[in-house]
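Below is one structure, written out as C-alpha cells, with a few remarks after it.
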Amino acid sequence: MPRQGLSTCAMLELQSVTQQTQSIYTVSYSARNMDNKSFLISILGLLLVMVYFNPFGLHDQNVSGSVSDDEDNSVTEQPLQQPLLTNSTSGIATSIYDTHEFNVGDGAQNLFILIPNEGHHGPGEEDEARYLNQPFVPESVTIRPGTNVVWFNGDVGHEHNLAISGGGGSSNPLYQTGEFSEFDARNYTFNEIGDFSYADTVEYENGFIMRGNISVTDDDTLSQQGTTGSNPPTIGLLMVPTEDLAQHTQDLQGRGFVIDSTHNFPDLREGEEQTLVVWEAPENSDESTIIADLAEVSQQFPYS
C-alpha cells in the first residue's frame, strides 16, 4: 500500500521548525563573531522557548494513510487476510490420497466419487500422464446399505460408461451408467450388502481399464473417517490446481458447500501442484443442484 502524504498543517509545521533551526544557526554565528557571551545566551534562550511552545507534535497530528510504524520507524506492511480453507484438521483428503480408500458413515445419503482429469491414463504412460495414481477418487469405498453413489466426471474431453458387477455372483453387470461426458454425473444406489466392483467399458492405452470397488456393510464397528459435520448427508471430492485453491474454495463456500479438508500433492506429470478437496454439500440440497454447482466450478479449472 503506498504511503500517504503529510497533511498541509504538518508540512507548514515542518517548514516552521526548519526556519527556526536556521535562525538559531544564524544568530549563533553572529553572536560568536560579536564575541558577546551574554547576548548569545539571551538569544538562544528566547529561541528555545519559542520552539518549546510551538505546537509541533507530529505524532499527535492526524495523518491520512494506513501504514504502521515499528519502534525503529520502519514501515510495516499489513499482511493480506487469507480465506479459511478448511474447518477441520481431520485429514480425510490426505487419507484418501495415501490409501485410496474411504469409509462412509451411517448418515451419508450420497457419496460423490470423482473421475479425475486424465484418470483414464494408466501407469507408465509418458504422454498425457495422469495427475495421480487413482482412476477414481476414492478408488475403494465402504458404505452403508441405501447409500447413493454418484460418479462425477472431471475427465475433460472424455466420456465414460461404468459397468457395476458383483453382489449376487453373476458375471453379468448389475447396471451400466451409459456414457456421460465431462462435468456430468451418473448414480447407482447400493441397497444390498456385499462386495461390488465397477469398471469403465472402454479399454484405454496399453490395455488399461479404469476400476473401482465398493463394499456395502451394516457392520456398526466400522466408523466413518472423521469429517467436520456429524455424518454429513452428502460428501464428495474435487481436484483443484493448488495455485487457484483459494478462489475455487471460496466459490464452493459461496454456494453453501463446507470444505472438510484439503491435501496438496505434486502431480505425476511433474507439473504444477494439485489439491484434493473433500467437500460437504448443503443440507437439503438435491442431487441435480449439487451436480450443476460442481459443473460450474469445474469449468473454471485450467484442465484440458
Side-chain angles (χ1 to χ4, degrees), residues 93 96-97 100-102 110-141 148-164 173 175-188 197-214 234-245 248 251-252 257 262-279 281 287-288 290-304:
I96 291 174
Y97 178 81
H100 303 191
E101 300 176 355
F102 180 46
N110 305 293
L111 169 64
F112 277 69
I113 294 177
L114 173 67
I115 304 176
N117 190 49
E118 307 296 7
H120 61 278
H121 289 289
E125 291 188 29
E126 296 182 0
D127 297 330
E128 297 187 9
R130 54 189 179 175
Y131 287 86
L132 72 170
N133 60 346
Q134 296 185 60
F136 302 98
V137 187
E139 194 171 5
S140 298
V141 299
N148 180 45
V149 175
V150 184
W151 290 270
F152 180 77
N153 186 8
D155 192 9
V156 179
H158 293 274
E159 296 181 342
H160 295 280
N161 175 34
L162 306 181
I164 303 169
Y175 176 75
Q176 287 198 40
T177 62
E179 291 187 350
F180 58 108
S181 59
E182 63 188 54
F183 312 137
D184 199 358
R186 293 291 185 272
N187 71 298
Y188 183 79
S197 63
Y198 61 92
D200 198 312
T201 58
V202 177
E203 184 175 300
Y204 294 96
E205 187 175 344
N206 299 325
F208 176 69
I209 298 178
M210 302 171 63
R211 300 181 186 276
N213 300 287
I214 294 177
T234 302
I235 190 169
L237 292 99
L238 281 177
M239 183 176 72
V240 177
T242 304
E243 63 179 359
D244 301 322
L245 179 61
H248 298 308
D251 191 356
L252 287 168
F257 289 81
T262 61
H263 177 77
N264 300 345
F265 64 93
D267 69 56
L268 297 178
R269 297 178 168 211
E270 299 181 354
E272 298 296 331
E273 188 176 58
Q274 309 297 317
T275 300
L276 280 184
V277 178
V278 176
W279 52 263
E287 183 179 319
S288 60
I290 296 173
I291 294 172
D293 283 336
L294 293 177
E296 290 180 5
V297 173
S298 299
Q299 287 170 5
Q300 304 173 46
F301 300 163
Y303 299 136
S304 60

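Numbers here simply count residues along the sequence, with the first being 1.
Here His263 contributes atom NE2 and Thr242 contributes atom OG1; the two are 9.5 Å apart, rounded to the nearest 0.5 Å. In this structure, the separation between CG on Asn187 and CD on Glu287 is 4.5 Å, given to the nearest 0.5 Å. The CD atom of Glu118 sits 11.5 Å away from atom CG of Leu268, with the distance rounded to the nearest 0.5 Å. Taking CD1 from Ile290 and OG1 from Thr234, the interatomic distance works out to 4.0 Å, rounded to the nearest 0.5 Å. Here Gln134 contributes atom CD and Glu101 contributes atom CD; the two are 9.5 Å apart, rounded to the nearest 0.5 Å. Between atom OH of residue Tyr204 and atom CZ of residue Arg130 there is a gap of 13.0 Å, rounded to the nearest 0.5 Å.
Contact check for Ser140 versus His100: no side-chain heavy atoms found under the 4.5 Å cut-off. Residues Phe152 and Ile115 have side chains not in contact (no heavy-atom distance under 4.5 Å, counting atoms from C-beta outward). Proximity of Phe136 to Met210: side-chain heavy atoms (C-beta onward) are separated by under 4.5 Å at one or more points. Looking at Pro123 and Asn133, their side chains never come closer than 4.5 Å, going by heavy atoms from C-beta outward. The closest side-chain heavy-atom distance from Leu238 to Leu252 is below 4.5 Å. With contacts defined as side-chain heavy-atom distances shorter than 4.5 Å, the pair Trp279/Leu294 qualifies. A heavy-atom distance below 4.5 Å is not found between the side chains of Phe301 and Met239. With a 4.5 Å cut-off on side-chain heavy atoms, Val278 and Ile235 count as touching.
In this structure, a donor-acceptor pair under 3.5 Å is absent between the side chains of Asn153 and Asp184. Glu182 and Tyr303 share no donor-acceptor pair across their side chains, judged by distance under 3.5 Å alone.
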- Task: Report the C-alpha distance between Leu111 and Phe102 in whole Å, list the side-chain angles of each, state the deciding distance to 0.1 Å, and finish with yes or no for side-chain contact (heavy atoms from CB on, under 4.5 Å).
- Result: CA-CA 10 Å; Leu111 169 64; Phe102 180 46; 4.0 Å; yes
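Residues Leu114 and Pro116 approach most closely at O-CD, 3.3 Å, considering heavy atoms. Here the shortest heavy-atom pairing between Val240 and Leu245 reads CG1-CA, 4.1 Å. Nearest heavy atom pair, residue Gln300 against residue Asp251, reads NE2-OD2, 2.8 Å. Across all their heavy atoms, Pro135 and Phe208 have their closest contact at CB-CZ, 4.3 Å. In terms of heavy atoms, Asn117 sits closest to Val156 at OD1-N, 2.9 Å. Between Asn213 and Ser197 the shortest heavy-atom distance is OD1-CB, 3.8 Å.
Applying the salt bridge (charged side-chain N to carboxylate O under 4.0 Å, His left out) test to every pair with at least one member in residues 151-162, sequence neighbours left out, gives no pairs at all.
Asp267 places a side-chain N or O within 3.5 Å of a backbone atom of Arg269 that can act as its donor or acceptor partner. Although no hydrogens or angles enter the test, the distance criterion places no donor-acceptor pair under 3.5 Å between the side chain of Thr275 and the main chain of Thr262. Judged purely by atom type and a 3.5 angstrom limit, Gln274 uses its side chain to pair as donor or acceptor with the backbone of Glu272.
The ring-ring contact (aromatic ring centres under 6.0 Å, His included) with Trp151 is formed by just one residue from the set Phe112, Tyr175, Tyr198, Phe180; it is Tyr198. Just one residue in the list Arg211, His120, His158, His160 forms a side chain to side chain donor-acceptor pair (under 3.5 Å) with Asp200, and that residue is His160.
Not counting sequence neighbours, the partners of Glu296 by the salt bridge (charged side-chain N to carboxylate O under 4.0 Å, His left out) test are Arg255.
When the shell of 6.0 Å around CD of Glu273 is examined, it contains more than 12 heavy atoms from other residues, nucleotides or ligands.
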